[in-house]
Amino acid sequence: MNNAVNPASGTPISACLRCGTCCEKGGPAFHLEDRLLIENGTIPSGCLYTIRKGELARDNVKQCLVPVDADIIKIKGKKGGWACMFFDDIRKSCTIYKNRPLECRALKCWDPRKLEKIYAANRLTRKDLISQVQGLWGLVEDHQARCDYVIIQRLVRDLDGGAAEPARRELSEIIRYDDEIRKLVVSRGGLEPDMLDFVFGRPLVVTIENYGIKARRLAAGWKGQSR
Ligand code: SF4
């Protein structure tokens, strides 16, 4: 199958043109085969973020947001955008080419079959990487339970019903806890701030927007605000 077309000639392509389009669309998700790249520091943990189990993420096949059924660990985007942070947009090249993760090695835009085969298999999770870190893993599990996206989704639904006020309070408390735990592990635990999005996923104050909610900080704490 060949859907990719050379933008200059309009003809189908059968080799990488180094146009950079795939890297600009976002970094790869990690698989067990990539574990060593992270463990030996070739790709530092500070360059990663986690889409937590249950979080809404874009399904490129269904073209909509769907909850993920397990953690997905990805490379952060550049300056808040989607382009992979290891993509050199001047040279149109990968700055970690020899050590690029499995998905990047499998990706051929003119023939997606290899990527499709490995895409959902053997995904690397936070548990694989940090469950042995004493003290930290307990906090991660506690955070995952208290900030479970299943609970968040239910509360968001309740915001439109008769239990709106209790739901709003509970949601605000979850967002406040998510914010507090991040500050605490940095100030008291010595965790590098750039590790937070990997260890706890992206802040709820950001991801809650995928549920149509704006969270704004009030003097008294966090308050979820519907649409
Ligand atoms: S790791 Fe390299 S090849 Fe993979 S998306 Fe990033 S820049 Fe592209």
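When reading the values below, keep in mind they use all heavy atoms of this one structure, side chains included, and skip hydrogens, waters and symmetry mates. In listed order, ligands and their atoms are each counted from 1. Counting from 1, the numbers follow the sequence of the chain as shown.
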Any salt bridge linking [X] with [Y]? Criterion: basic side-chain nitrogen under 4.0 Å from a carboxylate oxygen.
X      : Y      : value
Glu173 : Arg176 : yes
Glu24  : Lys92  : yes
Arg126 : Asp71  : yes

Around atom 4 (Fe) of ligand 1, what protein N, O or S atoms are found below 2.8 Å?
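Less than 2.8 Å away from atom 4 (Fe) of ligand 1 sit Cys104 SG.
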Side-chain donor/acceptor pairs under 3.5 Å, residues 192-208, sequence neighbours excluded:
{"unit_1": "Arg202", "atom_1": "NH2", "unit_2": "Glu55", "atom_2": "OE2", "d": "2.8"}
{"unit_1": "Thr207", "atom_1": "OG1", "unit_2": "Tyr149", "atom_2": "OH", "d": "2.8"}

Salt bridge (charged side-chain N to carboxylate O under 4.0 Å, His left out) partners of Arg188, counting only residues at least two apart
none
Counting only pairs under 3.5 Å, give me each side-chain donor-acceptor contact of residues 83-91, with atom names and distances, residues two or more places apart or in other chains.
{"unit_1": "Asp88", "atom_1": "OD1", "unit_2": "Ile90", "atom_2": "N", "d": "2.9"}
{"unit_1": "Asp88", "atom_1": "OD1", "unit_2": "Arg91", "atom_2": "N", "d": "3.0"}
{"unit_1": "Asp88", "atom_1": "OD2", "unit_2": "Arg91", "atom_2": "NH1", "d": "3.2"}

